[in-house]
Amino acid sequence: MINSLLFIFKEALTGLIRARFAGFVASITVAISLILIGIFLIITVNLGRFANNLRSRVELEVFLDDSLDEIKIQEIADKIRRLDGVQDVIFISKEMAVYEYKNLFKDKQEEYFDALGYNPLPASFRVRLAERYRSSVGAEKVFKALTSVSEINEEDIVFRREFLIMLEKYMKVAIAADFVVGIILCLSALLLVSNNIRLIILTKQKIIEAMKLVGATRFFIRMPLYIQGMIEGLIGGALAALFLYALIKLAAFEIPGYIAVDWRMYLLLVNLGLLLGLAGSFTAIRRYL
Amino acid sequence: MPATLLKLHNVRMRYPGGDGLEHVNLEMAPGDFVYLVGPTGAGKSTVLKMIYMQEFPTEGYVLVENYNSMYIKNKEIPFLRRKLGIIFQDFKLFEDRDVFENVAFSLRVIGERRRDIKKKALRALAEVGLSHKSRKMIHELSGGEQQRVSIARAIVNEPILLLADEPTGNLDLKTAVEIMNILEKLHARGTAVLMATHNYEIVNTTPRRLISIKNGRTLN
């Protein structure tokens, strides 16, 4: 058994060396496809992270009537806290509202409030959403729940509904684009590996025929070809991972807190290369052997 | 060992073109030497292919030891072929390997142990008188020598039956006679030989049982 395996590996390696140019081209193609897939992955993962970050900041603002006293406000806050999908509730008093308003519009505001002679800004609750509710549908549910609180009027609740819907739409488009591009790239890599194995099969035709005549089993004939495909894919995957790693480090692409590249992506690329190589040799062997 | 080594019973084989084989019957016992003669295109190679089960009869059956063409499974075919030695007119050797590796190949693909590979391959090469050229590349050999390598490859597994498809077809008479002498020697040692040829001159140098194929039928 060990002798057979050694022979299979030797056959695979000599096959690789004999068809080294075509094999190199196949590996490079796998690498290029995987580099593009990697870039798309980085973009998507970071877009996703960015979108989640935006979503986590989405809150519903509930404006309160000036006539409500402290006890009543406390009661309402407790009611809101008990609602499904509410992570926490922050009370913004009228004074804090003015402070925030002034911070937002740095100048001229002193005069405006002075001229008015009273504070026109209402107190409010900022309702932050639980993780599962950070979507347009989730926010809508919390919105509905809030309207069930008797002291709250529907028109006093504000949230960035359109923003959430748009964000989700763009994310969907980005993921779909990723998927389509990824599949096209994978297919092209697959085709090239498969074509390379086909060439190897053609050049090995005589050997394969002789192998069959002296009683080699299918396993024995096919295994070296599978190994060749896997090695080509693996080399492609490793090249892609190395290239992306160097590129990201050299270009100082990562910005802590904003753009990050997960080390698991490199592992994924190498594995994807291996898988593409295996699938490529599989399709070639099925068709041509 | 069964009394019948090989049997083709009422074999019929239709080619897509229309011609083919009809009522082909052939029987061999262990240790027999049989010529299969007939003009080029008579179907001699097809008969051999049916014996090593690369092709299958449309009617009738082929029996090689216990392997029956009607019941054999695809995965059993390699094991049938390990019992046969096959020699071709165009040798089918590996140009990129040396003589030893060409012979050892048959043993490597069946997972023989390394020590045994060396012993058996060298013995087979000695048998055909090529021990001194075991490290030569194929293209460095003459046609007769190349055929001797292919015989060594065919016999290294100690086959029960040696199938030779026009083994002397590419060789001059003197070399052809040398090859025939080797086949005779193997036969004398107990290996059954079935040799397809259209060369009656060769047949006459070493007369043996003759089966001829004419118009797609066998005549004893």
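Naming: A, B, ... by sequence-line order, numbering from 1 per chain. Bear in mind the structure is a predicted one, so any value in this text is a computation, not a measurement. Just so you know, these numbers use all the heavy atoms, side chains as well, and skip hydrogens, waters and symmetry mates.
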What residue among B:K136, B:R135, B:K133 forms salt bridge (Lys or Arg N to Asp or Glu O under 4.0 Å) with B:D98? B:R135
Stacked cation flag B:R153 on B:F94, 6.0 angstrom / 45 deg: yes
Under 4.5 Å from any heavy atom of chain B - which part of A:L5: neither
Top of B:I110, B:D96, B:N157 for chain A proximity - count of heavy-atom pairs under 4.5 angstrom: B:D96
Is the shortest distance from a Lys or Arg side-chain nitrogen in A:E11 or B:R97 to a carboxylate oxygen in the other one below 4.0 Å? yes
Chain A heavy atoms under 4.5 Å from B:L107: which part of the residue, side chain, backbone, both or neither? neither
Taking A:M265 as the fixed residue, which of A:L244, A:V45, A:V270 is the one that meets the side chain to side chain contact (heavy atoms under 4.5 Å, CB included) rule? A:L244
Got B:D32 and B:L161 here, is their nearest side-chain heavy-atom distance under 4.5 Å? no
What part of B:E95 lies closer than 4.5 angstrom to a heavy atom of chain A: side chain, backbone, both or neither? side chain
If you count heavy-atom pairs under 4.5 Å between each of A:T217, A:I207, A:I221 and chain B, which one has the most? A:I207
